[in-house]
Number of protein chains: 2
Amino acid sequence: MKKRQITIKDIAKALCISPSTVSRSLADHPDISQETKNIVNAYAREHKYKPNALALSLRTNNTKTIGVILPQIVHYFFSSVLSGIEDEAEKGGYRVIICQSNETYEKEVKGAQALLEARVCGVLASVAKTTTTYDHFQELIDSDIPVVFFDRICTGILTDRVVVDDYAGVCSAVEYLIHSGCRRVAFFGSPAHLAISNNRRMGYEDALRKNGLPVEKELIKICDNYTEALRLTPELLSLPNRPDAFFAVNDETAIGVLNVVKAKGLKIPDEVSICGFTNNSLAEVSDPLLTSVDQHGYELGASAMRLLIERLKGVRDGDRIVSKIIKTNLVVRQTTR
Amino acid sequence: MKKRQITIKDIAKALCISPSTVSRSLADHPDISQETKNIVNAYAREHKYKPNALALSLRTNNTKTIGVILPQIVHYFFSSVLSGIEDEAEKGGYRVIICQSNETYEKEVKGAQALLEARVCGVLASVAKTTTTYDHFQELIDSDIPVVFFDRICTGILTDRVVVDDYAGVCSAVEYLIHSGCRRVAFFGSPAHLAISNNRRMGYEDALRKNGLPVEKELIKICDNYTEALRLTPELLSLPNRPDAFFAVNDETAIGVLNVVKAKGLKIPDEVSICGFTNNSLAEVSDPLLTSVDQHGYELGASAMRLLIERLKGVRDGDRIVSKIIKTNLVVRQTTR
DNA sequence: CCATACAATGCAAACGTTTGCAAGAGTGCC
DNA sequence: GGCACTCTTGCAAACGTTTGCATTGTATGG
């Protein structure tokens with residue numbers, strides 16, 4: 001009952017010719033007569049011949065497959081990155097196989113092993129939060145599989161990378177706040193042990209300095225989720241000299257701020273401006289609509305994939321590692337002046 | 001410079017034994033002496049031997065790979081489904097390769113072809129909005145590749161499916177609204193040409209009927225996005241006999257309603273109750289927090305994958321198609337009494 | 001001492017392709 | 001008629017595995 005897919009051998013047998021002739025006919029090889037080609041192609045089409053990608057890969061030692069290792073598909077940012085990766089892969093004729101680490105080191109390692117066994121041509125990776133040792137990535141590279149890190153890069157390893165320009169994104173957003181008249185901008189950021197956090201914090205501080213404003217400890221909080229924002233925002237608002245703007249390191253947090261500010265009866269943006277980061281769907285349904293820094297996740301994924309494909313094609317010269325930076329841009333909506 | 005992965009043949013040559021012995025040693029075959037096994041395993045570990053999944057698949061005619069066809073990875077619902085699929089696949093030792101259709105028929109067909117070429121063991125699919133003909137899915141089935149549809153099922157084809165219990169989800173949510181004292185519940189739904197839309201609409205109507213309330217045309221609108229909600233909600237609120245509750249078919253729309261209601265100065269939930277559908281991250285950051293029907297996307301994906309694996313193992317008997325229904329549940333928050 | 005049994009290993013084919021090389025048929029030229 | 005050429009096709013090996021069967025060597029039993 002098990003129906004096998006039809007193979008080149010089957011076609012050859014049916015038409016009483018050799019497999020080589022069939023193969024060459026399908027590939028439109030000049031050595032084969034037009035007549036034979038016609039017969040073969042007709043038969044192949046009629047019987048819905050599909051080349052066996054496995055056999056082909058084995059033969060040519062080229063799987064046309066890219067592995068992706070990322071923390072969590074469900075996060076808006078990563079799913080948009082993945083979407084960009086997928087689209088660009090398809091354009092280049094590559095398949096994509098994915099492994100989510102769920103932020104654990106162990107699953108990340110398992111994923112890398114699986115990709116090695118699948119003989120992928122290259123790997124795109126964003127490292128898990130709990131990862132501190134990088135042997136599994138090094139093993140990929142040692143096996144001559146190009147690795148391109150995206151967003152959460154791996155500092156210990158010399159390899160291509162493409163990251164979001166957090167620093168500039170935050171800096172220009174904060175400058176925008178300042179130029180619109182804000183004088184006391186609060187900053188809600190992530191814990192400092194991620195490289196990304198520091199970049200953002202520096203962007204904030206530099207924007208203040210560039211514009212002659214003081215960096216005040218009491219306006220800087222570690223706060224990167226909604227509930228924390230609900231807890232910390234009132235504290236800041238009740239300062240004798242309350243902030244007139246908030247910059248939050250993600251949109252959930254910014255929405256938390258927004259809800260508190262509204263509840264206190266303060267006018268947005270006239271009395272308090274708010275700016276988020278990521279620009280996910282939240283920003284498009286809040287009231288008022290949230291101004292946010294767009295990270296261009298899709299573009300980042302697409303860009304990483306393009307870079308990887310260039311590597312595979314050997315367009316890029318050998319050792320020179322390239323590090324691309326995806327520019328963010330501020331999407332101004334209604335929470336800023 | 002190109003470093004090949006080490007193969008069984010390499011090990012055989014290095015140890016001056018035959019490839020078969022190496023293969024059997026690695027598989028812990030009883031025919032092989034413990035001594036030989038030890039030597040082989042040691043050598044393999046030292047040189048980081050990784051079995052070539054391609055060759056294995058070709059040999060055994062089993063790729064241990066599942067194909068997934070879905071409309072858009074970026075949507076919260078689909079990315080959570082995908083996450084469930086991925087996790088469950090990993091448990092079962094399957095790889096996952098994904099194709100997004102971007103809601104277009106053409107890409108869906110291309111995806112199906114690619115999966116056929118990759119000789120996947122089975123396929124999980126959710127059909128694109130623009131798809132009206134199903135030959136590409138039929139071709140998979142004709143090639144003896146089991147297909148399990150999830151969420152957006154394909155009515156024309158007899159096959160396993162797992163869907164969200166839209167009808168019951170909407171019905172019980174609306175009943176909840178009624179039992180909490182609401183008498184005029186408005187319904188914001190999708191255009192009727194999707195099967196899903198009708199189920200939801202029926203759930204709404206039946207809930208009203210069961211509780212002796214009239215189904216009123218003027219309370220039923222086609223409206224499934226944020227901006228539409230901003231346009232239509234004021235209309236309903238200015239009716240002489242305005243609704244005291246809104247049920248929306250997704251969370252974006254519900255948030256739109258919420259924002260309008262708040263702006264009008266009506267109390268939520270005392271004067272107007274609101275209930276959404278999907279229970280995505282929006283529901284957890286709105287003010288007040290949105291009551292919503294959780295679709296359990298992750299569980300749906302995991303369940304579909306489990307069903308597919310059972311099929312592949314032959315646990316399920318041949319022709320009987322199974323259709324699983326994932327129960328929704330109402331997450332009551334602050335927009336309902 | 002021979003037959004038998006058993007343990008350990010090797011041979012070779014197969015999975016579905018591609019491809020270098022050889023081979024056959026036909027044609028034109030001297 | 002023989003030679004060199006072109007045009008078309010086929011043979012066989014290779015990619016990395018697994019596995020049925022054959023082979024070898026050794027020990028056991030009569």
Side-chain angles (χ1 to χ4, degrees), chain A residues 2-41 43-44 47-65 93 116-121 143-144, chain B residues 2-41 43-44 47-65 95 116-121 143-144:
Chain A
K2 190 76 188 168
K3 236 174 292 173
R4 243 171 58 287
Q5 286 273 1
I6 190 179
T7 74
I8 281 194
K9 287 186 185 175
D10 296 331
I11 300 181
K13 210 165 291 174
L15 299 180
C16 294
I17 52 179
S18 82
S20 8
T21 306
V22 176
S23 174
R24 281 190 261 251
S25 292
L26 293 169
D28 203 22
H29 193 287
D31 273 3
I32 305 296
S33 73
Q34 195 55 52
E35 194 194 346
T36 309
K37 280 181 191 172
N38 291 341
I39 297 175
V40 170
N41 287 329
Y43 190 93
H47 291 76
K48 307 200 186 201
Y49 167 75
K50 298 277 177 330
N52 184 325
L54 261 65
L56 210 162
S57 295
L58 185 60
R59 178 81 228 284
T60 61
N61 210 356
N62 180 3
T63 54
K64 281 288 199 177
T65 302
L116 232 18
E117 296 188 3
R119 300 293 193 270
V120 294
C121 304
S143 309
D144 244 26
Chain B
K2 189 78 187 166
K3 237 175 290 174
R4 243 172 55 290
Q5 286 274 1
I6 189 178
T7 74
I8 282 194
K9 286 186 187 177
D10 296 330
I11 300 182
K13 211 166 291 175
L15 300 179
C16 293
I17 53 180
S18 83
S20 6
T21 305
V22 176
S23 173
R24 281 189 261 251
S25 293
L26 293 170
D28 203 20
H29 192 288
D31 274 2
I32 305 295
S33 74
Q34 194 55 53
E35 194 194 344
T36 310
K37 281 181 190 171
N38 291 341
I39 297 175
V40 171
N41 288 329
Y43 190 93
H47 292 75
K48 307 201 187 204
Y49 167 75
K50 299 275 176 332
N52 184 325
L54 262 65
L56 212 162
S57 295
L58 185 60
R59 180 79 228 286
T60 61
N61 210 355
N62 180 2
T63 53
K64 281 291 200 174
T65 303
R95 264 177 293 276
L116 232 19
E117 295 189 5
R119 299 294 192 270
V120 294
C121 304
S143 309
D144 244 28

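Lettering of chains follows the sequences in order, A, B, ..., and the numbering in each one begins at 1.
For the pair B:I6 CD1 and D:dT17 C1', the interatomic distance rounds to 15 Å; values are reported in whole Å. Atom CG of B:L58 and atom C1' of C:dA13 are 13 Å apart (whole Å). Distance B:E35 CD to C:dT9 C1': 13 Å, rounded to the nearest Å. Nucleotide D:dG16 holds its P atom 12 Å from the CD1 atom of B:I11, rounded to whole Å. Look at CD1 on A:I32: it is 14 Å from P on C:dG20, rounded to the nearest Å. As a whole-Å value, the separation of A:N38 CG from D:dT8 C1' is 15 Å. Atom-to-atom, CG of B:L26 to P of D:dT17 comes out at 9 Å; the value is rounded to the nearest Å. Remark: C1' of D:dT9 and CG of A:L15 are 14 Å apart, rounded to the nearest angstrom.
Relative to the axis of its first five pairs, the axis of the last five pairs of the helix from C:dC1-D:dG30 to C:dC30-D:dG1 sits at 80°, rounded to 10 degrees.
At a threshold of 4.0 angstrom between heavy atoms, the contacts of B:S33 are confined to the sugar-phosphate backbone, with no base atom among them. At the heavy-atom level, B:I17 lies under 4.0 Å from the strands shown only through sugar-phosphate atoms. Residue A:T36 is classed as a sugar-phosphate contact, given heavy-atom separations below 4.0 Å to backbone atoms only. Residue-level contact check: B:T7 touches the backbone only, with heavy atoms under 4.0 Å from sugar-phosphate atoms and none from bases.
Summary of the strand contacts: B:Y49 and A:P19 both lie near DNA chain D, and taking for each the nucleotide with the nearest heavy atom, the more 5' one is attributed to A:P19.
Defined by atom type and a distance below 3.5 Å, a donor-acceptor pair is present between the side-chain atoms of B:T21 and B:S18.
Checked against D:dT17, C:dT17, D:dT9, the side chain of A:I8 finds its nearest nucleotide in C:dT17. Closest to the side chain of B:R59, out of D:dT9, C:dT17, D:dT18, is D:dT18. Distances were taken from every side-chain heavy atom of B:N52 (C-beta onward) to each of C:dG10, D:dT17, D:dT9; the shortest belongs to D:dT17.
Counting heavy atoms from C-beta outward, B:S57 and B:N62 have side chains that stay 4.5 Å or more apart. Under the 4.5 Å side-chain criterion, counting only non-hydrogen atoms from C-beta, B:I6 is in contact with B:Y43. Between A:H29 and A:K37, every side-chain heavy-atom pair lies at or beyond the 4.5 Å cut-off.
Between B:S18 and C:dG10 there is a side-chain polar atom (N or O) within less than 4.0 angstrom of OP1 or OP2. Residue B:K50 places none of its side-chain N or O atoms closer than 4.0 Å to OP1 or OP2 of D:dG16. Listed pair A:T60 / D:dC15 fails the phosphate criterion, with no side-chain N or O lying under 4.0 Å from OP1 or OP2. One finds a side-chain N or O of B:K9 lying less than 4.0 angstrom from the OP1 or OP2 phosphate oxygen of D:dC15.
One distance of note links CD1 of A:I8 with CG of A:N52; it measures 9.5 Å at 0.5 Å rounding. For the atom pair CG (A:L116) and NZ (B:K48), the distance works out to 9.5 Å, reported to the nearest 0.5 Å.
Between B:V22 and the options B:I32, B:T7, B:I17, a side-chain contact (heavy atoms from CB on, under 4.5 Å) holds for only B:I17.
Checked for salt-bridge contact, A:R24 and A:D31 miss the test: no charged N lies under 4.0 Å from a carboxylate O.
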Please produce a list of atom pairs where a protein N or O lies less than 3.5 Å from an N or O of nucleotides 20-27 of chain D.
| from | atom 1 | to | atom 2 | distance (Å) |
| --- | --- | --- | --- | --- |
| D:dG20 | O6 | B:R24 | NH2 | 3.0 |

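Between B:A118 and B:T63 the shortest heavy-atom distance is O-CG2, 3.7 Å.
For B:Q34, the CD atom counts as densely surrounded, since its 6.0 Å shell holds more than 12 non-hydrogen atoms of other residues, nucleotides or ligands.
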